[in-house]
Amino acid sequence: MQIYNTMSRKKEEFVPVEAGKLKLYACGPTVYNYFHIGNARAFIFFDVVRRYFEYLGYDVTYVQNITDIDDKIITQSIDENKDFSTIADKYSNAFLEDCQRLGIKTPHYQPRATEVMDDIIRIIDAQVKSGHAYESGGDVYFDAESLPAYGSLSGKKIEDQMAGARVEENKLKRNPADFTLWKKSKPGEPFWPSPWGEGRPGWHSECVVMSQKYLGETFDIHGGGIDLVFPHHENELAQALATTGKPLANYWMHNGFLNIEGEKMSKSLNNFFTARDILEQHSAEAIRFFFLSKHYRSPIDFNREIIAESERAIGSIYQTLKTLISESAKSPEELMKIQVQSPALLSELETFKSAMDDDFNTARAIAVFFDLSRLIKNKNNDLSEREEAAALLLQSGTALGFFGDLKALEETPMPDLSRQLIELIIGYRANARTDKNWALSDQIRDDLAGLGIELKDSKEGCTWTIKG
RNA sequence: GGCGACAUAGCCAAGUGGUAAGGCAGAGGUCUGCAAAAUCUCCAUCCCCGGUUCAAAUCCGGGUGUCGCCUCCA
């Protein structure tokens with residue numbers, strides 16, 4: 001397994017901290033609004049990382065934080081004229097709901113920042129005591145210059161940042177590169193008591209606390225969007241180094257950005273889509289297919305045509321499976337359990353795994369699905385061979401988070417009476433066709449199509465499916 | 001100003017030295033009363049220039065273009 005490590009800027013062989021286990025942490029949302037389609041990329045991608053390791057047999061622990069106290073939440077709470085915790089609850093519930101709809105498996109731990117406040121204060125205090133942080137006017141800042149390794153993750157140098165002159169002026173800081181660990185609260189703002197007075201934590205400390213709490217001082221993979229490399233992850237790493245002297249994670253993984261029709265998504269450009277918006281019009285699996293059809297580190301461009309294309313592509317795979325399952329005596333669950341044995345399929349499996357093992361080359365892995373689809377559709381193959389190919393497709397697809405609803409692959413449940421009526425009508429149509437009464441035959445087909453029942457004639461007779 | 005990424009067919013996209021995966025769209029054949037489905041076939045020399053090499057989309061240099069981070073934005 002090769003993983004591209006942002007720290008070294010190259011692919012490295014993955015070696016877990018503990019054999020057979022994966023300790024994974026990926027940054028979750030700040031719950032001040034519905035999350036957007038760009039956030040969805042990160043959530044879906046790290047869901048795939050988690051699933052693939054599970055597929056490989058690893059015992060995975062996946063932790064994702066929910067930031068429920070933050071300036072943006074306070075701003076939003078003023079806008080909506082509600083308490084900050086009401087806002088945080090509202091949008092964290094929405095977050096959980098949308099993740100569910102996107103087919104994202106719930107992480108093992110999803111701690112909230114406000115739940116670990118004591119630990120956050122403790123870690124900040126430790127940094128102050130060790131001389132890596134200082135109190136200034138009720139705020140606490142991390143002293144970037146106190147840590148020679150600062151900047152190692154992002155490759156930034158403290159001097160370079162000053163040259164940019166875009167760093168805000170803050171008289172309370174000793175150095176512009178210093179970052180906030182604790183922020184004194186203004187009147188009316190939520191606050192927690194601390195050794196430095198009433199205030200709230202900066203953004204970065206919580207992730208250090210939550211990740212280490214569930215995964216240990218140094219864990220395997222820390223992930224998030226590429227924009228988090230600096231300052232967020234750099235600042236997490238700095239705090240970990242300042243408190244334990246050890247790296248926070250062995251591998252840092254970052255997914256690329258999402259653009260909308262070539263432009264950065266932003267509210268001001270009016271091209272801002274929440275995951276909710278997209279789910280209104282497209283299936284979760286089409287959205288997943290869209291993301292996985294491109295390498296996770298590359299920027300990806302979102303537009304209506306592309307997502308519609310993904311919808312068709314994943315739809316054809318579903319259709320293949322549905323057709324096979326209607327012919328097979330086995331249920332999807334039974335197919336899932338078939339152990340692949342034929343040499344041709346073992347070779348496909350090998351291709352799938354080597355693609356995924358190469359830094360999660362999902363685009364290459366997906367090509368295998370279409371090869372399998374072709375094998376399944378080809379009725380020249382024996383049913384047992386086609387079932388075996390379907391098994392492999394289901395197994396590998398599930399490893400990427402597809403086929404979440406196996407029941408959807410089975411025939412649409414309906415009362416026996418309806419089923420019998422449809423068969424009856426098809427029987428009459430067959431008679432009309434024998435008489436070459438094409439007008440009636442076509443009328444029946446059109447009328448049934450109007451009811452969502454699609455007929456297909458073949459040599460073996462007429463088959464029908466319900467269109468969703 | 002500093003740091004970094006990317007440029008492959010109409011569109012999406014994989015591919016880090018050996019002669020261009022896959023998908024969508026399209027074209028044609030078979031099958032069919034027609035339709036759909038299925039099936040077969042076709043569809044690129046990889047932004048430009050120069051270099052290294054027996055051999056480069058792949059390495060090096062130089063252009064051009066697009067984009068990102070440096071603003072608690074995934």
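Bear in mind the structure is a predicted one, so any value in this text is a computation, not a measurement. The chains referred to below are lettered A, B, ... by the order of the sequence lines, with proteins before strands, and numbering in each begins at 1.
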Side-chain N or O of [X] versus OP1/OP2 of [N]: is the shortest distance under 4.0 Å?
X        : N     : result
A:Asn361 : B:G15 : yes
A:Arg297 : B:G68 : no
A:Arg433 : B:G33 : no
A:Lys264 : B:C69 : yes

**Note: A:Glu206-A:Arg112 ion pair, threshold 4.0 Å (strictly below)** =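 No, this pair does not count.
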**Salt bridge A:Asp457-A:Arg429, side-chain N to carboxylate O under 4.0 Å** =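 A salt bridge is present here (some side-chain N lies under 4.0 Å from a carboxylate O).
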**Message:** Would the distance check show the side chain of A:Ser77 and the main-chain N or O of A:Ile74 forming a donor-acceptor pair, the cut-off being under 3.5 Å?
**Reply:**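 Between the backbone of A:Ile74 and the side chain of A:Ser77 there is a qualifying donor-acceptor contact (under 3.5 Å).
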Could you work out which one of [options] sits closest to the side chain of [X]?
X        : options             : result
A:Ala363 : B:A14, B:C72, B:G23 : B:A14
A:His36  : B:A74, B:C72, B:C24 : B:A74
A:Arg312 : B:C24, B:A38, B:G33 : B:C24
A:Ser316 : B:A74, B:A21, B:C24 : B:C24
A:Glu454 : B:A36, B:U39, B:A74 : B:A36
A:Asp71  : B:A74, B:C72, B:A21 : B:C72
A:Ala313 : B:G23, B:G33, B:A14 : B:G23
A:Asp70  : B:A36, B:G23, B:C72 : B:C72

Under 3.5 Å, is there any donor-acceptor pair linking the side chain of [X] to the base of [N]?
X        : N     : result
A:Asn259 : B:C67 : no
A:Asp371 : B:G22 : no
A:Arg445 : B:A35 : yes

In whole Å, what is the span from the [atom1] atom of [X] to the [atom2] atom of [N]?
X        : N     : atom1 : atom2 : value
A:Phe360 : B:G15 : CZ    : C1'   : 19 Å
A:His204 : B:C72 : NE2   : P     : 8 Å
A:Leu153 : B:C69 : CG    : P     : 16 Å
A:His232 : B:A74 : NE2   : P     : 9 Å

What does [N] pair with, Watson-Crick or G-U, if both distances are under 3.5 Å?
N     : answer
B:C47 : B:G63
B:A20 : none
B:U52 : none
B:G1  : B:C70
B:G33 : none

**Asked** Is there a donor in the side chain of A:Asn93 and an acceptor in the side chain of A:Tyr91, or the other way round, less than 3.5 Å apart?
**Response**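 On atom types as modelled, these side chains do not qualify, holding no pair under 3.5 Å.
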**Message:** Quick check on RNA chain B: between A:Arg9 and A:Ile300, whose nearest nucleotide comes earlier from the 5' end?
**Reply:**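 Its nucleotide being nearer the 5' end, the pick is A:Arg9.
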**Message:** Judged by each residue's nearest nucleotide on RNA chain B, which is more toward the 5′ side, A:Thr320 or A:His295?
**Reply:**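 Per heavy-atom nearest nucleotide, the more 5' residue is A:His295.
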**Item:** A:Gln100 CD: over 12 foreign heavy atoms closer than 6.0 Å
**Value:**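 No, CD of A:Gln100 has 12 or fewer neighbouring heavy atoms, counting only those of other groups under 6.0 Å.
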**Request:** Check each of A:Phe142, A:Phe179, A:Trp182, A:Tyr141 against A:His204 using the ring-ring contact (aromatic ring centres under 6.0 Å, His included) test, and report the only one that passes.
**Result:**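 The residue from A:Phe142, A:Phe179, A:Trp182, A:Tyr141 that satisfies ring-ring contact (aromatic ring centres under 6.0 Å, His included) with A:His204 turns out to be A:Phe179.
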Roughly how far apart, to the nearest Å, are [N] and [M] at atom [atom1]?
N     : M     : atom1 : value
B:U19 : B:G61 : P     : 26 Å
B:G26 : B:U16 : C1'   : 33 Å
B:A21 : B:C46 : C1'   : 14 Å
B:G15 : B:G22 : P     : 15 Å
B:A9  : B:G23 : C1'   : 13 Å
B:A74 : B:C69 : C1'   : 13 Å
B:U8  : B:U66 : C1'   : 15 Å
B:C3  : B:G10 : C1'   : 36 Å

**Request:** Go through A:Tyr318 and A:Glu285 one step at a time and tell me if the side-chain hydrogen bond (donor to acceptor under 3.5 Å, both in side chains) criterion holds.
**Result:** CA-CA 10 Å; A:Tyr318 260 82; A:Glu285 303 218 352; 2.7 Å; yes
Any base atoms under 4.0 Å from [X], or only sugar-phosphate, or nothing? Heavy atoms, all strands.
X        : answer
A:Thr323 : nothing
A:Arg200 : nothing
A:Lys294 : sugar-phosphate
A:Asn378 : sugar-phosphate
A:Ile306 : sugar-phosphate
A:Gly224 : sugar-phosphate
A:Arg41  : nothing
A:His254 : nothing
A:Lys322 : nothing

**Message:** Just checking A:His36 against A:Phe273, ring centres under 6.0 Å apart?
**Reply:**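 That pair fails the under 6.0 Å test.
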**Request:** Taking the six-membered ring for Trp and the full ring for Phe, Tyr or His, determine whether the centres of A:Tyr25 and A:His222 are under 6.0 Å apart.
**Result:**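 Centroid separation for A:Tyr25 and A:His222: below 6.0 Å.
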**Request:** Could you say whether the aromatic ring of A:Phe257 and the base of B:A74 stack, counting only centre distances under 5.5 Å and plane angles under 30°?
**Result:**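 Given the distance and angle limits, yes, they stack.
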